[in-house]
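Working notes, structure below.
Read the numbers this way: they start at 1 and go in the same order the structure lists the ligands and their atoms.
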Amino acid sequence: MILYGSTLSPYVRKVAAYAAEKGIEIELTPVGLGDPNPDFRAASPFRKMPALRDGDYGIADSSAIIHYLEAKHPEPPLIPADPKERGRVVWFDEWADTMLFACGGKMFFNRIVAPRFLGREGDEAIASAAERDELPPLLDYLEGVIPDSGYLVGDRLTLADIAVASPFANFTHAGVAVDEARHPRVASFAKAILARPSFAPHVERETAFLAKQA
Ligand SMILES: N[C@@H](CCC(=O)N[C@@H](CS)C(=O)NCC(=O)O)C(=O)O
């Protein structure tokens, strides 16, 4: 199975970590933004990463890929069968992809992607406004829903934890630190999930790559 993309994308990192937690072997094939690679384009009609190729089957979008993989490899379940738990897991996955990274993307795009990969200056005013005004209420929400177990749903690892933790690596890359005094649960949640063997090697490689580029 081939996963197209760069784990600098929170969506690609989410799928790579999910696959590692499930014990599913995937080959990560790097593609850049808008990459012309025909196999990538066939799987991702709008050239967004990630995309997956499994034999003659291609599918794009991190959540679609994960639902495909979960149906194909049900054990160990990372999307619960229980209706209420499943609803919460889908909520957190969606919240992370849209609300959390809609905000985080403004910092990551303007501070990392634009200057390092597109050869143009990012708009720091957009990045700092997002960090100052948009991020704190999102983290306030998250702080209030992390249970004592440290897992968002059902007191065990699910897709919810993987999806919500992934953008925190982008926050770190973009120089955004979680305020441990205001958001202690968020800080320890993100640290614990990103330290898992499914995430850590990716985040370390990304950090080294960005440091070398700077
Ligand atoms: N909802 C999609 C989002 C994918 C996405 O927006 N990926 C970005 C990278 S973080 C991308 O490929 N952008 C390129 C573009 O928009 O042309 C998912 O979950 O996979």
* To do: Ignoring angles and geometry beyond distance, decide whether Ser9 reaches within less than 3.5 Å of ligand 1 through its nitrogen or oxygen atoms.
  => no
* **Residue selection (non-hydrogen contact nearest atom 17 (O) of ligand 1) among Lys48, Lys14, Arg13** => Lys48
* **Numbered atoms and elements of ligand 1 in range of Pro50, under 4.0 angstrom, heavy atoms** => 20 (O)
* Asked: Can you check whether Val89's main-chain N or O pairs, donor with acceptor, with Asp93's side chain at less than 3.5 Å?
  -> no
* To do: Verify, without hydrogens or angle tests, whether Lys22 (side chain) and His73 (backbone) share a donor-acceptor contact under 3.5 angstrom.
  => yes
* **Donor-acceptor pair, side chain of Asp161 and main chain of Leu152, under 3.5 angstrom** => yes
* Quick one: look up the protein heavy atom nearest atom 1 (N) of ligand 1 and list residue, atom name and how far away it is. => Asp61 OD2, 3.0 Å
* Asked: Between Arg185 (side chain) and Ile146 (backbone), is there a donor-acceptor pair under 3.5 Å?
  -> yes
* Asked: Going by atom types only, do Asp54 and Tyr68 share a side-chain donor-acceptor pair under 3.5 Å?
  -> yes
* Asked: Quick one: nearest non-hydrogen protein atom to atom 19 (O) of ligand 1, plus distance?
  -> Ser62 OG, 2.6 Å
* **Atoms in ligand 1 with a heavy atom of Asp97 nearer than 4.0 Å** => 19 (O)
* Considering only the protein, which heavy-atom contact is closest to atom 13 (N) of ligand 1, and what is its distance? -> Leu33 CD2, 3.8 Å
* **Geometric N/O contact Met49 with ligand 1, under 3.5 angstrom** => yes
* Which word best sums up how the rings of Trp95 and Trp91 line up, parallel for under 30°, tilted for 30 to 60°, or perpendicular for over 60°? -> tilted
* Contact check: Tyr11 vs ligand 1, nitrogen or oxygen atoms, below 3.5 angstrom -> no
* To do: Mind telling me whether Tyr11 and Phe101 have parallel, tilted or perpendicular rings, with 30° and 60° as the class edges?
  => perpendicular
